[in-house]
Visitor: 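Can you read through this structure? Questions will come right after.
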Amino acid sequence: MLDVNQADAILIQTPQQAILVDTGDIKTKEKLGSYIQQAGITVLDKVVITHAHADHLGGMSEVIKSIPIRQIYDSTFPYTTATYRNYLRTVQQKKIPFSRLHAGMQIDLDNGIYLKVLAPEKEFITGSGSDINNSSIVLKLVYGDFSMLLTGDAEVESEQLMLKQYKAELKSRVLKSPHHGSRTSSSPAFLKAVAPEAVVISLGANNDYHYPHPSVMKRYQAAKMNIFRTDLHGTVTITSDGKTYTIKKEKR
Ligand SMILES: [Zn+2]
């Protein structure tokens, strides 16, 4: 989980592939570019845009310009910002394969590693606190005994739907804190089903939203999760051999 301030960018490297889940904000696009370069990546096999908010899509303008992308996955939730429209136009111009992800799909990577899509459903949630956040693509990354749940900015309405449809599959060893530790998310029932050993929160220091919310932190602490935060720890690197895993902080 890359330190991109108040935003999300998650880089997954398997033996043969590089996958970027969200691209941070436009303000950190150069930083994102150098992370990708430092990792020795010359092609992104897949880019997943969990939803079209600027703190997830903003860095795409740089990524799409500077590195070949083999496949883009998007929720296709209808959104009208200039950033989203420009991105769609560029994808079309560059003829990058583009497809929608919805719950029930699975993306097979290599070495038996896969991403299972747990949200959004084909029919988007409407009338919620934030329908676009609730359209976030939620992925469970599975590699043998290791698993990590990538939640975008899914809020309680999406969490409830996942509990209904995928309760048994939610259990994961590591959780990416949904919606930067906001109190709109991490509902007690959802946390109980995921039951992670560790949680990683992607957020900026002294952010305007006052994330993470103290009530959410209390829930994480009560469940005895190991808590990692990009605002305090910088980039958080999780390495797994499919049996165990280690979590390394950039800053101590
Ligand atoms: Zn966000």
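Nothing fancy with the numbering, it's 1 onward along the sequence. Excluded from the calculations below are hydrogen atoms, water molecules and symmetry mates; all remaining heavy atoms, backbone and side chain alike, are included. In listed order, ligands and their atoms are each counted from 1.
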Visitor: Where the Zn ion (ligand 1) is the centre, what is the OD2-to-OD2 angle for Asp153 and Asp55, rounded to 10°?
Guide: 150°

Visitor: Check step by step if side chain to side chain contact (heavy atoms under 4.5 Å, CB included) holds for Asn133 and Thr184.
Guide: CA-CA 10 Å; Asn133 281 348; Thr184 56; 5.8 Å; no

Visitor: Testing Ile19, Val21, Ile41 one by one against Leu11 for a side chain to side chain contact (heavy atoms under 4.5 Å, CB included), which residue passes?
Guide: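 The single option meeting the side chain to side chain contact (heavy atoms under 4.5 Å, CB included) with Leu11 is Ile41.
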
Visitor: Closer than 2.8 Å to the Zn ion (ligand 1), do we get an N, O or S atom from His51, backbone or side chain?
Guide: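 It does not; every qualifying atom lies at 2.8 Å or beyond.
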
Visitor: If you check every N/O/S atom of His56, which is the one nearest the Zn ion (ligand 1)?
Guide: NE2

Visitor: With a 3.5 Å distance limit and no angle check, can you tell me whether Ser172 reaches the backbone of Met148 through a side-chain donor-acceptor pair?
Guide: no

Visitor: Classify the ring geometry between His53 and His51 as parallel (under 30°), tilted (30 to 60°) or perpendicular (over 60°).
Guide: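 Aromatic pair His53/His51 classed perpendicular.
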
